[in-house]
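What you see is a predicted model; the values in this text were computed from it and never measured. Along the sequence shown, the residues carry numbers beginning at 1.
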Amino acid sequence: GETMGPAVIGGVAAALIGAAVMTFEPRARGEIGSAALGVLASVFWGLGAVMVRKLPAIRPLKIQALASLVSAPVLLAGSLIFEPHGLEAARAAPWTAWAAVCFGGVASTIGATALLFWLVQRHETGRVTGYMLSTPVVTCLLGVLVFGDHLTPRLLAGGALTMVGVGLVALSERRRMKMAALSSTPS
């Protein structure tokens, strides 16, 4: 099985706390159900990553295609039930909205997830996940640069803590690789 040393565990914990600091909004206390649903989704996503790790013979794009084949009808049905005017909104959407949906579907969903599955199949899940925790930092940075979001002390503190955590994971991985290289060289 996979083992994570104290530096990796500390790095992942620091990155998670940093992400929580960045995303916590005190005014959203009434949205506990939404937050719980997000946490539940993250747990299932993590379980999926561990399961993909156990499927090294299946190519990442095939895994993504199978997941899409199963999830598309469920998501479509959910959208039709919970968004009664969704079809009208889709018909009236400008081409830029459809371009964003297509880009998100191809680059983010297919490309990024397939890359993630490929990485998880070749490296320990905990180490790959550590790097993914930098996603909130990139997202907030894009929000500031593209959408004019305000850069607050909370965002800066959370981003710094997240990047410290990612750095701990990266340094631990580098040290582990160096130790493996030293142990494999003949004496």
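- Every pair tested for salt bridge (charged side-chain N to carboxylate O under 4.0 Å, His left out) that includes a residue from residues 5-14 fails, sequence neighbours excluded, so the list is empty.
- The distance from the CG atom of Leu76 to the CD1 atom of Ile81 is 9.5 Å, given to the nearest 0.5 Å.
- Around the CZ atom of Arg59, the shell of radius 6.0 Å holds no more than 12 heavy atoms that belong to other residues, nucleotides or ligands.
- Of all heavy-atom pairs spanning Met22 and Arg154, the tightest one is O-NH1, 2.8 Å.
- Leu16 is listed as a side-chain neighbour of Val12, based on a closest heavy-atom distance under 4.5 Å.
- The side chain to side chain donor-acceptor pair (under 3.5 Å) analysis of residues 68-86, with sequence neighbours excluded, yields the pairs Ser79-Glu83.
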Would you mind writing out the side-chain donor-acceptor pairs for residues 96-103 within the sub-3.5 Å range, not counting sequence neighbours?
unit_1 : atom_1 : unit_2 : atom_2 : d
Trp98  : NE1    : Ala90  : O      : 3.2

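- Each salt bridge (charged side-chain N to carboxylate O under 4.0 Å, His left out) pair with one or both residues in residues 10-19, not counting sequence neighbours, would appear here, but there are none.
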Please table the atom pairs, donor to acceptor, closer than 3.5 Å between any side-chain atom in residues 156-171 and protein atoms at least two apart or in another chain.
unit_1 : atom_1 : unit_2 : atom_2 : d
Thr162 : OG1    : Ala15  : O      : 3.4
Thr162 : OG1    : Ala19  : N      : 3.1
Thr162 : OG1    : Gly158 : O      : 2.8

Indicate every side-chain donor-acceptor pair of residues 139-153 with a distance under 3.5 Å to a residue at least two apart or in another chain.
unit_1 : atom_1 : unit_2 : atom_2 : d
Thr139 : OG1    : Thr135 : O      : 2.8
Thr152 : OG1    : Leu155 : N      : 3.2

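- Taking CD of Gln121 as the reference point, atom CG of Leu116 lies at 10.0 Å (rounded to 0.5 Å).
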